[in-house]
Protein chains: 2
Amino acid sequence: MTTHVEQPDLAEVSLETALQALADDTRLRIVRELASAPAPCACGSFGLEVSKATRSHHFKTLREAGITNTEILGTKRLVSLRREEFDARFPGLLDAVLAPAAVS
Amino acid sequence: MTTHVEQPDLAEVSLETALQALADDTRLRIVRELASAPAPCACGSFGLEVSKATRSHHFKTLREAGITNTEILGTKRLVSLRREEFDARFPGLLDAVLAPAAVS
DNA sequence: GCATATGTTCGACGAAAATCGAACTACCGC
DNA sequence: GCGGTAGTTCGATTTTCGTCGAACATATGC
């Protein structure tokens, strides 16, 4: 059986917190990868060029901003987007962030 | 005649920069006020509880993120949203940020 | 049990950002 | 010209954030 890591009630996440969490290149990369992944990913499966301490910090930031959910499976943590909940709280925000860059 | 303060080409503004600029309570307040204002506003017309040096800094941040336009009119600076351009660059982002908070 | 794999937590450090007062610039009206 | 108005720029301070190594925790597999 798997448990999940504690996560905030979306109602208590402010827009500022959400934007703050998204306003970082590394975390943006994680969110994009999660959005295109068919299933939850282990933290280590991202090709991030940072130490595991830093990586853990970024995943924590995303989780505490209500953007991701973390399931504990053995020694791994399976991370996924809280798509529906987040969309309900901040309609359109993830879509806008995930939209392909408009090149002019 | 009015001139405008130099502003970036939206194509050169990254999503990260835009999010960074929006991820601040004071600036979020400014953007919301601008969105609901019928006409460009002078910097000083916002009820911000910060010094004018700080205020100037925030307006600069928004301008450099391509979010606002600044017109010089006499001793005043008239600030307005670059709505259409910004929407073209980051579709849906401003809408999401300006959406009324979803209370659950 | 023990080595390994996967993350987290704990300081510490440097870079970046928010804030301010003070000095400065530019313009307006009298 | 002069005083007042509206912002900007500068330097300093404080806070926040990203980053890391090292120590720790926990589960797996042999």
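Lettering of chains follows the sequences in order, A, B, ..., and the numbering in each one begins at 1.
One can place NZ of K76(B) at 18 Å from C1' of dT25(C), the figure rounded to the nearest angstrom. Straight-line distance from the CG atom of D25(A) to the P atom of dG18(D): 11 Å, rounded to whole Å. With rounding to whole Å, L73(A) atom CG is found 10 Å from dG7(C) atom P. Across the protein-nucleic acid pair, H58(A) atom NE2 and dT9(C) atom P stand 15 Å apart, rounded to whole Å. What separates CG of L78(A) from P of dT6(C) is a distance of 12 Å, to the nearest Å. Note: CZ (F59(B)) to P (dA6(D)) measures 14 Å, nearest angstrom. One interatomic measurement links the two molecules: NZ of K60(A) to C1' of dT19(D), which rounds to 15 Å at whole-angstrom precision. L62(B) places its CG atom 16 Å from the C1' atom of dG7(D), with the value rounded to the nearest Å.
Between D95(B) and R83(B) there is a salt bridge, since at least one side-chain N of the basic residue sits less than 4.0 Å from a carboxylate O of the acidic one.
The shortest distance between the side-chain N/O atoms of R27(B) and the OP1/OP2 oxygens of dA18(C) is below 4.0 Å. The side chain of T75(B) places no N or O atom within less than 4.0 Å of a non-bridging phosphate oxygen (OP1 or OP2) of dT5(D). Listed pair T54(B) / dA18(C) fails the phosphate criterion, with no side-chain N or O lying under 4.0 Å from OP1 or OP2.
Of the listed nucleotides (dT8(C), dA18(C), dG21(C)), dT8(C) has the atom at the smallest distance from the side chain of R77(A).
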Worked verdict on L34(B) versus F46(B) for side chain to side chain contact (heavy atoms under 4.5 Å, CB included): CA-CA 9 Å; L34(B) 285 174; F46(B) 297 78; 3.7 Å; yes
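Scanning all heavy atoms of the two residues, the minimum distance from A21(A) to A65(A) falls at CB-CB, 3.5 Å. The nearest pair of heavy atoms linking D25(A) to E16(B) is CB-OE1, 3.4 Å.
When each of A53(A) and A23(A) is assigned the nucleotide of DNA chain D bearing its nearest heavy atom, the one mapping closer to the 5' terminus is A23(A). Closest-nucleotide positions on DNA chain D for R63(B) and Q20(A) were compared, and the one nearer the 5' end corresponds to R63(B).
Looking at heavy-atom distances under 4.0 Å, H57(B) makes contact with a base. Counting any heavy atom pair closer than 4.0 Å across all strands shown, K52(B) reaches a base atom.
Not one N or O on the side chain of R63(A) forms a donor-acceptor pair closer than 3.5 Å with the backbone of T68(A).
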